Enquirer: 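This is the structure I want to talk about, given as structure tokens.
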Amino acid sequence: MHIDIMTLFPDTVGDVLCESILGRAQERGYIRIETHQIRDYTKNKQKQVDDYPYGGGRGCVMQAQPLYDCWKHICEEAGKRVHTIYMSPCGKVFRQEDAKRLKNEYDRFIIVCGHYEGIDQRFIDACVDEEISIGDFVLTGGEIPAMAVADAVCRLVPGVLPDEECFTDESHWDGMLEYPQYSRPEEWEGRKVPEILLSGHHANIAKWRRKQSIIRTRLRRPDMYAKLKFETKQDKKLLREIEEELENGTEA
């Protein structure tokens, strides 16, 4: 997996994505993340990348020319037109399914980080394949969203994490939130680890975890819960138990 990030702050982005798990994965050759300084592709001595917007208004807009020349350089280096993503509050909200899609469909893609009031629409029309947002809010730049997308995709690449269960057993993989996790000691500040997790009975532990995932998703993310389909006998039994416990006000 090769990800190119077009940014005004390559050192900041590069430092973050070269640490910890992703850093080790890059050292081992499982992934490659390159940052590209957009200012290096300006055609003026001041390395100016922005100008006032046509039509008036506050702030400045990133110009199409340096963005295009940076993008073109990456594509020429790759020997093909590279799938290009622009991080934008106007884009489709990023989901786990998008991380899977990007990992499965592309061996290389570009992420463009905007700034100021955004980027010239002509560059978007000419070069961008999809616009992605990480939520219904606005940040000062696209670097944080770009790092979030890169992290979410790269951790799915074989070899980056020790085992597939490291991501298939987590929140959002199958449309549910993850169950609660506990570690040593068995009691902390008067709060004890659930007895079932100390039992060593793997089948019962798996059932408890599945049940907790269902409950957590139902209570915290009713929008996700509404899309779930419970078709196995075990799930239907768990649903009956949950309904009874919630009706009786007992702790599930």
Side-chain angles (χ1 to χ4, degrees), residues 15-28 30-31 93-101 103 133-137 139 144-145 147-252:
D15 287 347
V16 172
L17 296 179
C18 285
E19 292 289 339
S20 187
I21 293 173
L22 295 190
R24 292 192 293 272
Q26 291 198 70
E27 291 173 359
R28 296 167 184 167
Y30 295 119
I31 59 174
V93 176
F94 187 72
R95 305 292 186 194
Q96 185 66 34
E97 289 303 315
D98 293 302
K100 296 180 191 178
R101 172 177 57 83
K103 178 260 180 183
S133 167
I134 60 168
D136 297 333
F137 52 90
L139 300 174
I144 291 175
M147 289 187 284
V149 169
D151 189 296
V153 174
C154 286
R155 67 194 303 275
L156 305 181
V157 174
V160 174
L161 297 180
D163 191 277
E164 280 193 1
E165 286 188 7
C166 293
F167 52 80
T168 60
D169 205 28
E170 291 186 333
S171 293
H172 302 289
W173 181 262
D174 58 359
M176 291 203 300
L177 301 181
E178 188 181 11
Y179 49 82
Q181 296 276 17
Y182 298 86
S183 184
R184 292 178 175 78
E186 291 182 18
E187 183 174 340
W188 174 80
E189 296 291 325
R191 300 173 184 270
K192 296 182 178 180
V193 173
E195 288 294 329
I196 185 66
L197 299 179
L198 308 176
S199 67
H201 195 299
H202 298 299
N204 287 346
I205 291 174
K207 176 184 174 183
W208 180 88
R209 285 175 168 171
R210 177 72 175 174
K211 185 176 180 180
Q212 294 302 312
S213 288
I214 294 172
I215 294 171
R216 181 173 278 188
T217 307
R218 172 173 169 160
L219 296 179
R220 299 187 183 183
R221 291 295 301 272
D223 57 320
M224 291 172 57
Y225 185 81
K227 299 176 183 178
L228 296 174
K229 294 183 179 180
F230 300 102
E231 298 176 344
T232 67
K233 291 183 179 179
Q234 183 180 26
D235 276 349
K236 290 178 180 179
K237 182 179 179 181
L238 287 176
L239 288 175
R240 289 194 296 270
E241 291 180 8
I242 292 169
E243 290 293 341
E244 291 174 2
E245 290 166 352
L246 292 177
E247 286 178 8
N248 297 329
T250 57
E251 185 175 336

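Quick note: residue numbers are just sequence positions, from 1. Below, each value reflects all heavy atoms present in this structure, side chains not excepted, and no hydrogens, waters or symmetry copies. In this text, all values refer to a predicted model and were calculated from it rather than measured experimentally.
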Enquirer: Is the shortest heavy-atom distance from the side chain of F230 to the side chain of I214 under 4.5 Å?
Expert: yes
Enquirer: Taking everything shown except D223 itself, do over 12 heavy atoms lie less than 6.0 Å from its CG?
Expert: yes
Enquirer: Measure the shortest side-chain to side-chain distance between R155 and I21 over non-hydrogen atoms and say whether it is less than 4.5 angstrom.
Expert: no
Enquirer: Between NZ of K207 and NE2 of H201, what distance do you get to the nearest 0.5 Å?
Expert: 10.0 Å
Enquirer: Looking at CZ of R210 and CG of L238, how far apart are the two atoms once the value is rounded to the nearest 0.5 Å?
Expert: 8.0 Å
Enquirer: Kindly determine whether R95 and D98 satisfy salt bridge (Lys or Arg N to Asp or Glu O under 4.0 Å), including the steps that lead there.
Expert: CA-CA 5 Å; R95 305 292 186 194; D98 293 302; over 6 Å; no
Enquirer: Once you round to the nearest 0.5 Å, how far does CD of E231 lie from NZ of K236?
Expert: 7.5 Å
Enquirer: What closest approach, in Å, do A152 and A99 show between heavy atoms, and which atom pair accounts for it?
Expert: O-CB, 3.9 Å
Enquirer: Is it true that, when you exclude E195 itself, more than 12 heavy atoms of the residues, nucleotides or ligands shown sit nearer than 6.0 Å to its CD?
Expert: no
Enquirer: Closest approach of L17 and L22, non-hydrogen atoms and distance?
Expert: O-CB, 3.5 Å
Enquirer: Give a yes or no answer on whether the side chain of S133 reaches the backbone of V93 with a donor-acceptor pair at less than 3.5 Å.
Expert: no
Enquirer: What's the separation between atom CG in D174 and atom CD in Q96, rounded to the nearest 0.5 Å?
Expert: 10.0 Å
Enquirer: Could you give the distance from CZ (R240) to CG (D235), rounded to the nearest 0.5 Å?
Expert: 11.0 Å
Enquirer: Work out which heavy atom in I205 is nearest to a heavy atom in G200; give both atom names and the distance.
Expert: CD1-N, 4.2 Å
Enquirer: As an exercise, state the distance from OH of Y179 to CG of L197, rounded to the nearest 0.5 Å.
Expert: 9.5 Å
Enquirer: Nearest heavy-atom pair of K103 and L156: which atoms, and what distance?
Expert: CE-O, 3.5 Å
Enquirer: Could you check if a side-chain atom of P180 sits within less than 4.5 angstrom of a side-chain atom of R216, using non-hydrogen atoms only?
Expert: yes
Enquirer: Which heavy atom of E178 sits nearest a heavy atom of S213, and at what distance?
Expert: C-OG, 3.8 Å
Enquirer: I'd like to know whether E97 forms a salt bridge (Lys or Arg N to Asp or Glu O under 4.0 Å) with K100, so could you lay out the CA-CA distance, the side-chain angles of the two residues, the decisive distance to 0.1 Å, and finally the verdict.
Expert: CA-CA 5 Å; E97 289 303 315; K100 296 180 191 178; 2.9 Å; yes
Enquirer: Taking all atoms of both residues into account, what is the closest heavy-atom pair of P158 and Y30, and its distance?
Expert: O-CD2, 3.6 Å
